[in-house]
Amino acid sequence: MARAGLMREPITFQRMAPTTDVYGNTTGTFTDHLQRLGELNERVGQQRTEQGVLTDVSRASLKVRKDTSTNTVTIADRVVARNTNWSIRSISQFDAKGTVLEMMLEKGVAT
């Protein structure tokens, strides 16, 4: 169970507002969707070479309290924590009561 004392890190969820350019391509910018306190646990990053380019991908897990707002977060959104943009890879229920959500995050990948 996640303890409330550990959920003290400020987390911002951002959502992309899609727009269409003059060529019909869908583009957009991320804007702040909601802010919560959470527990972010970073894992050791990996460096690997893909097609001759060194990549640096790190993973983390984020635990936040579930409410009506956090329940609307999807994997299309992104997280800003510790001045870093994180892509959401998966969202799952952390505890049996359904009061905490756990999100698996990645940085160093396209958001």
Side-chain angles (χ1 to χ4, degrees):
M1 176 73 188
R3 296 179 303 192
L6 296 176
M7 292 191 186
R8 59 177 171 238
E9 187 152 0
I11 306 294
T12 302
F13 293 96
Q14 292 185 333
R15 183 161 283 170
M16 180 180 279
T19 58
T20 305
D21 64 9
V22 294
Y23 302 105
N25 299 319
T26 301
T27 60
T29 57
F30 281 94
T31 57
D32 290 352
H33 177 57
L34 64 118
Q35 295 180 341
R36 293 290 183 267
L37 295 176
E39 177 186 349
L40 183 69
N41 293 317
E42 258 185 278
R43 299 196 178 102
V44 177
Q46 298 175 337
Q47 288 187 342
R48 63 178 187 257
T49 304
E50 289 183 9
Q51 298 178 355
V53 178
L54 187 65
T55 62
D56 181 19
V57 176
S58 295
R59 292 178 174 81
S61 66
L62 171 66
K63 293 181 185 85
V64 293
R65 295 257 179 236
K66 184 177 179 180
D67 59 26
T68 55
S69 296
T70 57
N71 206 25
T72 64
V73 174
T74 67
I75 59 172
D77 300 330
R78 75 176 179 187
V79 172
V80 178
R82 299 180 184 165
N83 294 324
T84 304
N85 297 328
W86 297 85
S87 295
I88 302 173
R89 293 297 172 215
S90 66
I91 303 171
S92 60
Q93 181 176 309
F94 180 71
D95 60 343
K97 293 182 180 179
T99 59
V100 178
L101 293 176
E102 182 175 33
M103 301 177 188
M104 301 309 295
L105 309 176
E106 275 187 340
K107 72 176 179 180
V109 295
T111 57

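Nothing fancy with the numbering, it's 1 onward along the sequence. Note that the structure is predicted; figures quoted are calculated from it, not measured.
Summarising the geometry, atom OG1 belonging to Thr12 is positioned 10.5 Å from atom CZ belonging to Arg36; distances are rounded to the nearest 0.5 Å. Taking CH2 of Trp86 as the start and CG of Leu62 as the end, the distance is 9.5 Å to the nearest 0.5 Å. The OG atom of Ser90 sits 9.5 Å away from the CD atom of Glu106 when rounded to the nearest 0.5 Å. Between the CZ atom of Phe94 and the CE atom of Met103 there is a distance of 13.0 Å, given to the nearest 0.5 Å. The structure places CD of Glu39 at 9.0 Å from CD of Glu102, a figure rounded to the nearest 0.5 Å.
Atom CD1 of Ile75 has 12 or fewer heavy atoms from other residues, nucleotides or ligands within 6.0 Å.
Closest approach of Leu37 and Met7 over heavy atoms only: CB-O, 3.5 Å. Ser69 and Leu34 make their closest contact through O-CD2, 3.8 Å (heavy atoms, listed as atom of the first residue, atom of the second, distance). Taking each heavy atom of Val73 and Ile91 in turn, the nearest pair found is O-CD1, 3.4 Å. Scanning both residues, Asp21 and Asn25, for their nearest heavy atoms gives OD1-N, 2.8 Å. Across all their heavy atoms, Ser61 and Met104 have their closest contact at CB-SD, 4.0 Å. Taking every heavy atom of both residues into account, Thr70 and Lys66 meet most closely at OG1-CA, 3.3 Å.
Neither side chain, Asn71 nor Thr68, offers a donor N or O lying under 3.5 Å from an acceptor on the other.
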Just do the side-chain contact (heavy atoms from CB on, under 4.5 Å) check on Arg89 and Arg59 with the steps written out, would you?
CA-CA 10 Å; Arg89 293 297 172 215; Arg59 292 178 174 81; over 6 Å; no
Take Gln14 and Asp32 through the side-chain contact (heavy atoms from CB on, under 4.5 Å) test and state the conclusion after the steps.
CA-CA 4 Å; Gln14 292 185 333; Asp32 290 352; 2.9 Å; yes
Yes or no on side-chain contact (heavy atoms from CB on, under 4.5 Å) for Arg65 and Val100, after CA distance, side-chain angles and deciding distance?
CA-CA 4 Å; Arg65 295 257 179 236; Val100 178; 3.6 Å; yes
Could you walk me through whether Val64 and Phe13 pass the side-chain contact (heavy atoms from CB on, under 4.5 Å) test, one step at a time?
CA-CA 11 Å; Val64 293; Phe13 293 96; 4.2 Å; yes
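With sequence neighbours left out, the side-chain hydrogen bond (donor to acceptor under 3.5 Å, both in side chains) criterion links Asn83 to no other residue.
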